[in-house]
Amino acid sequence: MISLRLMEDTMENYTAMHNWFLEPELQEWVWCDEKGEPPVPLERIIEKYGARVKNPIDAFPYFILRDGEAIGFIQYYIQDKTTIGLDMWIGVLKERNNGYGTEALKQMVQLIHQKYPYVKEVFINPDPENKRAIKCYQKAGFKHCGEMMDDGDLSLLLKICFDS
């Protein structure tokens with residue numbers, strides 16, 4: 001069973017993320033380190049995500065759990081009053097291609113819609129070459145809405161829009 005829980009300020013959580021970032025396929029598609037220090041040091045993970053965990057203001061990190069074990073990461077961030085963005089990945093290689101990312105996305109979109117009823121859309125912006133991620137997002141209900149620039153790189157724009 002897939003569930004979500006807020007990321008915690010524990011060495012266990014930071015170490016799990018660090019281990020995921022060591023995985024080559026994940027490094028290809030996911031932030032590793034803005035300072036260009038591959039592999040990303042544990043201290044940078046604590047620095048970046050620790051602030052979000054301890055004082056969530058506009059980014060809210062969660063772990064994706066399968067039967068209570070952390071297998072991935074999903075976070076939402078407030079883009080503006082009516083728009084929320086998402087980032088996610090399945091960090092454990094053997095847990096990919098099982099539909100867990102799709103289920104986690106569906107749960108997160110539901111959580112967002114309940115918590116922020118005024119939000120009109122949720123978006124995610126994968127690299128156009130990340131076919132596995134795009135397929136997952138589309139299975140979760142995201143629709144292709146164009147392209148955008150993200151930190152100087154081209155990415156696709158996929159959205160779920162709410163009627164009310």
Side-chain angles (χ1 to χ4, degrees), residues 1-9 13-14 16-17 20-21 23 25-26 28-32 45 48-151 153-164:
M1 184 172 100
I2 295 301
S3 59
L4 306 177
R5 77 156 166 78
L6 281 166
M7 186 176 170
E8 298 167 347
D9 182 33
N13 277 207
Y14 298 124
M17 287 194 73
W20 297 337
F21 281 132
E23 202 276 305
E25 184 180 348
L26 198 64
E28 183 177 352
W29 303 117
V30 179
W31 167 87
C32 286
I45 292 169
K48 181 171 184 168
Y49 292 98
R52 296 174 187 182
V53 170
K54 293 175 200 168
N55 189 20
I57 297 171
D58 58 0
F60 303 85
Y62 286 73
F63 270 14
I64 300 167
L65 308 177
R66 185 181 65 79
D67 298 328
E69 294 294 319
I71 63 165
F73 176 84
I74 188 166
Q75 74 176 353
Y76 70 88
Y77 53 94
I78 310 296
Q79 184 75 19
D80 60 41
K81 290 180 181 179
T82 61
T83 307
I84 290 181
L86 292 177
D87 298 312
M88 72 147 294
W89 62 82
I90 301 298
V92 177
L93 182 61
K94 69 178 182 164
E95 303 294 358
R96 294 182 193 146
N97 295 319
N98 294 309
Y100 302 146
T102 300
E103 178 60 28
L105 281 167
K106 289 177 179 179
Q107 289 182 30
M108 181 56 76
V109 168
Q110 184 178 28
L111 182 151
I112 290 167
H113 193 51
Q114 290 172 349
K115 190 170 183 175
Y116 305 96
Y118 53 85
V119 165
K120 300 293 182 202
E121 62 186 31
V122 176
F123 77 91
I124 196 160
N125 57 325
D127 183 299
E129 299 301 314
N130 193 344
K131 305 298 184 198
R132 181 193 334 230
I134 294 165
K135 186 176 179 182
C136 170
Y137 306 154
Q138 290 173 329
K139 282 183 179 179
F142 285 80
K143 305 290 185 216
H144 183 264
C145 296
E147 299 174 342
M148 63 184 282
M149 294 303 287
D150 182 31
D151 292 330
D153 295 319
L154 182 68
S155 64
L156 296 182
L157 180 61
L158 287 87
K159 293 181 183 179
I160 289 181
C161 297
F162 303 117
D163 292 332
S164 55

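Residue M149 places its CE atom among more than 12 non-hydrogen atoms of other residues, nucleotides or ligands, all under 6.0 Å distant. At most 12 non-hydrogen atoms from other residues, nucleotides or ligands lie less than 6.0 angstrom from CD of E69.
Looking at heavy atoms from C-beta onward, F142 lies out of side-chain contact with I134 at the 4.5 angstrom threshold. Annotation: side chain of M17 is in contact with side chain of F63 (closest heavy-atom distance under 4.5 Å).
Contact between G101 and C136 at its shortest, heavy atoms only, is C-SG, 3.6 Å. Of all heavy-atom pairs spanning I160 and A140, the tightest one is CD1-O, 3.7 Å. A pairwise comparison of heavy atoms in T83 and D80 identifies N-OD1, 3.0 Å as the closest pair. Scanning all heavy atoms of the two residues, the minimum distance from D127 to E129 falls at OD1-N, 2.7 Å. Summarising the geometry of S3 relative to Q107, their closest heavy-atom pair is CA-OE1, 3.5 Å, with the distance given to 0.1 Å. The nearest pair of heavy atoms linking M1 to D67 is N-OD1, 2.6 Å.
Residue I2 holds its CD1 atom at 7.5 Å from CD of E95, rounded to the nearest 0.5 Å. Here the CD atom belonging to E147 is positioned 4.5 Å from the CG atom belonging to L154, to the nearest 0.5 angstrom. Note that CE of M108 is 10.5 Å distant from CG of D87, once rounded to the nearest 0.5 Å. Atom CH2 of W89 is separated from atom CD1 of I64 by 9.0 Å, given to the nearest 0.5 angstrom. One finds the CD1 atom of I112 at 6.5 Å from the OH atom of Y76 (value rounded to the nearest 0.5 Å). Distance CD1/I57 to CD1/I78: 11.5 Å, rounded to 0.5 Å.
Cation-pi geometry between K115 and F60 is met: under 6.0 angstrom from the ring centre, within 45 degrees of the axis.
Each of R52, M88, M7 was scored for a side-chain contact (heavy atoms from CB on, under 4.5 Å) with Q75, with one residue passing: R52. Considering L156, I74, L86 in turn, L86 is the only one that fulfils the side-chain contact (heavy atoms from CB on, under 4.5 Å) rule with I124. Applying the ring-ring contact (aromatic ring centres under 6.0 Å, His included) test between F73 and each of F21, Y14, W20, Y49 identifies Y49 as the sole match.
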Next item on the list: Take Y116 and V122, measure what side-chain contact (heavy atoms from CB on, under 4.5 Å) needs, and give me the verdict at the end.
Entry: CA-CA 11 Å; Y116 305 96; V122 176; over 6 Å; no
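The aromatic rings of F123 and Y77 sit perpendicular, their planes meeting at an angle over 60°, well past the 30° parallel limit.
Between the side chain of R132 and the main chain of N97, no donor-acceptor pair closer than 3.5 Å is present.
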